[in-house]
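Worksheet for the structure shown next.
Counting starts at 1 for both ligands and their atoms, following the listed order.
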Amino acid sequence: MSACDPKRTLAEPTRPLGQEVAVQVQFWGTRGSIPKPGPTTIHYGGNTLCHEIRTARGTLVIIDCGTGLHGLGLKLLSGGGRSLAGHILISHTHWDHIQGVPFFAPFFVPGNKWDIYGPKGLNQSLRDTLAGQMQHTYFPITPDEFGASIRYHDLLEGTFEIDDIKVTTQYLNHPALTLGYRLEADGATVVYCCDHEPFSRDVAEGHREFFGLDQQHADFIEGADLLIHDAQYTAAEYPSKAGWGHSSIEFVVKLAQHTKAKHVVLTHHDPLRTDEALDGIVEKVRDGLKANHSTVLVSAATEGEVIDVKSSSAHVSRSSREDFSAMTTVKPALSHRSVLIKVADVKLATAIGEAVLAEGLRANFCSSADMARKLIEQDPPSLAIIDNTVAHDNETAVLEVLRSTKGGELPVVMVAAREHEEEGVTDWLTTPFTESYARTKIRAWVLRESCRWIRAAIPENEPARLTSLRALDLLDTEPEERFDRITRVATALFNVPMATITLVDERRQWFKSCQGTAGREDPRDASFCAHVVSQREPMIVVDTLSDGRFADNPLVLGGPRIRFYAGHPLTLDDGSCIGTLCLLDTRPHTFKDSDLEQLRDLALIVMEQFQALRIERAKQSRQF
Ligand SMILES: [Zn+2]
Ligand SMILES: [Zn+2]
């Protein structure tokens, strides 16, 4: 998918980019929550978040569309306004990040071209969400009446390119589905994280060092030349605002030091924070850093301010767009909406159950590993909430079951009085908690999970199917020429680099024969072939990146980077579908009906081999 257009004329940057400047950032809005114009916010500004970013090569990116977008739109039009093109990255769709959209004048000019990117939502696309605030009740014009041509891109976590900028996205911790953006161009790195609250309360309040998800957040920021970060509260204010999805200034300064960011800009200023208060805060922070001989530069975002970012590293060669993409163009796939709860304390379990129900989700309670396994099969959860008794008694088995669910990617939130390191635990819900705090945590995790790839359903005849598969005695045997011959022919015939004969076992897919792939097995959760086995019909995916079931599947985003899949079921004469003959490519493909017929012919040859083997095995067992 190409995100670029031929270069078009743009209104000039506020000041020309100097020779060494790789990226220029201008702040058009710095306020969080609600616009706050007035005598107490004259210096730092009253508009909600909006940033103009330009590269030396002229690419224009706007990050977030708070009310500051209005002023930026007028400036862009002052350059004539015709044939403008640019890219807009939206962190999330809370009001203070999108309220400027209906008032962005360049949207109304025919001939302008804009690309808008934002996190893929749960129930509706980015376009529909933005259109929601332009319903006639609120606004006289709908997005259909914009004169400019606008393309919408729903994003997941990953990396993609906008002209000369490499953009990496990562989910932040906020009650709405929110993405942080890391922009790299010409050796300069700008990272934007709004809105975000540390995952661990202990890390948020400075009681412990970065670990787990907070370290992952730090890794995302590592080495930024310019870090623009949510810092709505002070450390003193934070405890009464925990769970609202924002960071304290003290946390952000520590984060900047920890990640070796060169310059950190505190933003998302609280609407009640006056210029005087912000001046005082910045001065205090700088004094503290000076006393510690820290070199990190700290400032508070100021409306109208322009920051030039120079290259700090040699120009790194960028991955090709085909290589890796975070974009999906499909309708969000609404997958699993249940939460598995294993909490012994009845009062706590009830409170959590109520919070889950209040979020419109299903709560499934379990008390043992066996029960957990059954529930996971019947109603695959998006999230598990457990208490810390599992760490002490025989119930460690529950954690093991959860760890093996979704290839280890099921988020597990542990309820405990204190956070402590525990393998397999993703996040913490520390007691005592309010209902709204629990709901925030639950919502954030379920939203994130529900947008993810879909696992194949377990076939109804699973026990009989597995018995037939195992009776063949093929699993974990050496490769055999009679099968390799077929996959070799398949790669040549269909002009694909990879073909496999896959057997779908209880928890894995295992390759009896594989051409062009390195490994011999994958977790069943990620398996494409498991879908074929479940449907008992051929499955063709011409481009995984535009298929909501697979766009962020680990075998798509990571090795072997599947873009094309065609699988034909392999069924025994007792009716058990045990695997597939499949074709894979790292590029999208078309697949005609005649291709499918040829694939069927090859699959029939494999099935004949399996059938002969079945008869042989049956004879052997009679002999003994
Ligand atoms: Zn906000
Ligand atoms: Zn927000």
Using 2.8 Å as the cut-off, count the protein N, O or S atoms closer than that to the Zn ion (ligand 1).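 Protein N, O or S neighbours of the Zn ion (ligand 1) under 2.8 Å, waters not counted, come to 4.
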Anything under 30° is parallel, anything over 60° is perpendicular, the rest tilted; go ahead and classify Phe108 against Phe146.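 Phe108 vs Phe146 ring planes: perpendicular.
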Suppose we screen for salt bridge (charged side-chain N to carboxylate O under 4.0 Å, His left out). Which residues come up paired with Asp270, at least two apart in sequence or across chains?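 By the salt bridge (charged side-chain N to carboxylate O under 4.0 Å, His left out) rule, Asp270 matches no residue at all.
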Tell me every residue that passes salt bridge (charged side-chain N to carboxylate O under 4.0 Å, His left out) with Arg273, counting only those two or more places apart in sequence or in another chain.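 Salt bridge (charged side-chain N to carboxylate O under 4.0 Å, His left out) list for Arg273, sorted by chain: Glu237.
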Can you find a pair of side-chain heavy atoms, one from Phe104 and one from Cys65, that are under 4.5 Å apart?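 In short, these two side chains do not touch, never coming nearer than 4.5 Å.
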Going by the side-chain hydrogen bond (donor to acceptor under 3.5 Å, both in side chains) test, which pairs reach into residues 34-48, not counting sequence neighbours?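 Checked against side-chain hydrogen bond (donor to acceptor under 3.5 Å, both in side chains) - neighbours excluded - the pairs reaching residues 34-48 are Tyr44-Asp279, Asn47-Thr67, Asn47-Glu303, Thr48-Thr67.
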For the Zn ion (ligand 2), find the closest N/O/S atom on His174 and give its atom name.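 Atom name of the closest N, O or S in His174: NE2.
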Main chain of Leu255, side chain of Thr259: is a donor-acceptor contact present, judged purely on distance under 3.5 Å?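 Checked: pair present.
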